[in-house]
Protein chains: 2
Amino acid sequence: MTARRPMTQRMIAERVGVSITTVSRVLNDRETEPGRWASSETVAAIMAAAREGGYRRNPHAASLRTSRSDLVGVLVPRLQDFVLATIYEGIDEAAAERGISTFVTNSLDRPELQRTRTQSMLDRRVDGLIFGDAHLDDPFLDEIAAQDVPFVLTSRRAGDHVAVTCDDLAGGRLVAEHLLSLGRRDVAILAGLPFASTGRERTQGLVDAFRAAGVEVPERRIVRNGFDATAGREAAERIFAEPPYPDAVFATNDFAAIGAMGVLRDKGLRIPDDVALVGYNDTPLAESITISLTTIRSPMHTMGRRALETLLDMLAGRTVASERLTPELVVRGSTVGR
Amino acid sequence: MTARRPMTQRMIAERVGVSITTVSRVLNDRETEPGRWASSETVAAIMAAAREGGYRRNPHAASLRTSRSDLVGVLVPRLQDFVLATIYEGIDEAAAERGISTFVTNSLDRPELQRTRTQSMLDRRVDGLIFGDAHLDDPFLDEIAAQDVPFVLTSRRAGDHVAVTCDDLAGGRLVAEHLLSLGRRDVAILAGLPFASTGRERTQGLVDAFRAAGVEVPERRIVRNGFDATAGREAAERIFAEPPYPDAVFATNDFAAIGAMGVLRDKGLRIPDDVALVGYNDTPLAESITISLTTIRSPMHTMGRRALETLLDMLAGRTVASERLTPELVVRGSTVGR
DNA sequence: TGGCGCCGCACAAACGATTACGTCAATCGT
DNA sequence: ACGATTGACGTAATCGTTTGTGCGGCGCCA
């Protein structure tokens with residue numbers, strides 16, 4: 001039933017008998033000041049015509065004129081990763097509420113992809129960017145900051161760039177306190193990717209807290225090897241290659257923890273009796289698996305929402321600051337048997 | 001270093017001393033016929049100027065003129081779902097290779113969201129849509145087909161709409177043959193959501209194959225309850241509420257299988273000795289968990305790629321047909337102990 | 001040598017919306 | 001009673017590309 005060629009402001013203007021200027025004004029200030037620019041009858045007539053004709057503003061035309069696209073680009077390491085998918089859901093939800101759209105894409109944590117994908121987003125004239133794949137050791141972000149491209153980081157921090165993250169140091173500390181309270185003193189850490197602030201700070205948080213309690217975590221107990229199940233399994237295999245075994249394992253990601261679980265099982269080690277296991281992020285799986293997983297709950301969805309809101313504040317010229325959301329310990333069967 | 005206002009074709013034209021027409025033609029037919037419209041010196045000069053100035057065509061202006069956006073919209077039930085995230089990765093990868101961009105968003109399988117989200121994509125003037133959230137019982141797709149909006153389905157089929165899916169009937173059949181070969185005759189099915197063709201056809205495939213072998217699967221052995229771990233756990237609890245227990249469980253999704261695993265464990269049932277367990281999709285987790293999961297491998301990534309390619313064919317006016325990719329059985333510890 | 005068909009370009013009109021300026025009443029304050 | 005303000009619009013330029021049409025000049029064939 002919709003006309004093949006969509007209705008334009010010009011068509012509304014002709015229908016109502018006013019100029020296209022007036023139509024534009026009324027339609028745009030609809031929410032704020034409906035009668036600021038036209039008499040109430042004119043406003044009503046325009047709205048009626050728009051509704052009947054099924055008018056939809058052409059965003060390309062508007063963007064061309066205003067050079068604002070209401071588009072934001074999002075880069076994540078990988079959408080398959082539950083954590084990043086959830087963060088993105090938060091971003092997209094908050095964006096949709098405000099009538100703005102988002103592009104997501106994977107960088108696979110590969111620097112050249114980060115660059116090319118970012119470039120395509122800029123080519124699409126996004127108003128700003130959200131990076132979920134910041135690397136601690138790459139000057140990339142500094143470069144694009146130098147080009148005055150507005151962006152915020154999420155999930156991972158880097159440098160002094162504005163970032164909405166979870167307080168990973170605190171998360172590591174929570175794990176440490178829990179394990180220490182259980183009398184575990186020899187902990188191994190599946191530290192994740194070395195260039196990700198998440199893995200690094202979660203590790204640091206635990207190590208610091210252990211040290212404060214008088215326990216040193218030796219370097220050979222820390223394996224840096226990725227966040228997914230396969231990486232977790234490999235890391236655990238390395239740690240449990242030969243005795244003495246640790247009495248606790250802290251995986252900086254639930255999936256890595258699940259990977260490690262298989263190794264413990266193969267070694268005939270009981271969880272939590274022989275080895276306590278702690279994950280991170282409180283994935284739904286953590287609760288559902290055979291031995292439910294003690295983990296840290298991080299507000300991933302909220303993190304995404306806040307990241308988007310922060311970017312929008314930035315775009316509106318308001319001054320913004322980094323934000324660290326608070327993690328929470330969730331104790332389950334993998335550290336305290338039932 | 002980039003100028004605050006990006007370089008335009010006009011600027012190139014002035015630099016080189018030709019008309020903006022020529023610039024446009026040269027830049028667009030760059031790949032196909034570089035010298036179709038201008039002499040080789042002119043072409044070289046234009047390319048040089050464009051490169052030096054860091055020219056990037058303004059897609060809004062181009063879309064406004066051509067009323068083609070090189071944008072496609074993708075609707076999925078939920079990006080958190082590993083399966084859909086993977087399919088989307090395939091879509092986005094194939095799209096990126098062709099210089100086209102995609103919008104994804106969640107519909108959460110809620111009809112009103114399907115409608116509003118689709119509308120926002122159309123408002124953004126996407127050239128076409130890919131639905132990963134088709135419902136068998138909703139006229140929605142027929143409605144938008146009636147509006148001549150180009151789209152293809154993926155993951156799930158519905159009606160006669162063009163769809164790129166996996167052959168779920170065949171998948172169910174593979175599971176049936178495997179279980180029958182192991183002598184299992186009393187199978188329970190975690191059938192997933194009732195309005196999703198995936199769950200429905202996987203179930204149907206198994207039931208048909210069992211019937212062909214002379215075994216009837218009673219209705220009470222089929223629980224329709226969602227695809228995630230929680231849903232799988234609930235369904236399994238229902239099935240194992242009281243004896244007699246089945247000697248096999250077919251979960252139409254790996255995550256549901258993992259949820260079911262916990263229930264079996266709680267009941268003190270051994271896998272696979274007492275109950276054989278089969279999942280679907282061959283999620284990386286299937287291999288990593290304590291008891292590795294027998295499952296059906298479905299080419300999710302390829303499915304996404306093909307869906308995008310099919311949509312592009314459709315947009316190019318070529319005739320397209322539905323496609324069913326071939327699933328594959330992966331036997332692991334949850335059906336044959338080591 | 002007249003005519004035809006390139007080649008290599010340029011002109012100018014869109015595409016749909018936004019917005020800096022006008023304009024022309026009617027109203028108001030003093 | 002008269003300049004100033006306000007209300008309600010309209011004019012026209014502009015954003016950056018694409019594309020149908022036009023136009024000299026040159027080579028070529030009959």
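Every chain is numbered from 1, with letters handed out A, B, ... down the list of sequences.
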- Message: Considering every strand and a 4.0 Å limit on heavy-atom distances, what is the contact class for A/Ser67: base, sugar-phosphate, or nothing?
- Response: nothing
- Message: When you measure from the side chain of B/Ser69 to the backbone of B/Arg125, do you find a donor-acceptor pair of N or O atoms at a distance under 3.5 Å?
- Response: yes
- Under 3.5 Å donor-acceptor, B/Glu89 side chain and A/Gln80 backbone: yes
- Item | Check: B/Asn106 side chain, B/Leu108 main-chain N or O, donor-acceptor pair, under 3.5 Å | no
- Query: Does A/Glu112 come within less than 4.0 Å of A/Arg115, counting only side-chain N to carboxylate O?
  - Reply: no
- Classify every nucleotide of nucleotides 12-17 of chain C by which part a protein heavy atom approaches to under 4.0 Å, writing B for the base, S for the sugar-phosphate alone and - for neither, in 5'-to-3' order. BBBBBB
Taking only nitrogen or oxygen atoms into account, show me every contact under 3.5 Å that the protein makes with nucleotides 22-25 of chain C, one pair per line with its distance.
none

- Task: With heavy atoms under 4.0 Å as the rule, sort B/Ser63 into base, sugar-phosphate or nothing.
- Result: nothing
- Note on the structure: Comparing B/Glu41 with A/Thr22, nearest DNA chain C nucleotide closer to 5' gives the residue B/Glu41
- Is A/Asp109 salt-bridged to A/Arg156, cutoff N-O under 4.0 Å? yes
- Got a sec, which residues hit side-chain hydrogen bond (donor to acceptor under 3.5 Å, both in side chains) with B/Thr8, two or more places apart in sequence or on another chain? none
- Task: Give a yes or no on this: more than 12 heavy atoms of other residues, nucleotides or ligands lie within 6.0 Å of atom CZ of B/Arg98.
- Result: yes
- Query: Is the gap between the ring centers of B/His135 and B/Phe140 under 6.0 Å?
  - Reply: no
- Message: Once you apply a heavy-atom cut-off of 4.0 Å, does A/Val23 come out as touching a base, just sugar-phosphate, or nothing?
- Response: nothing
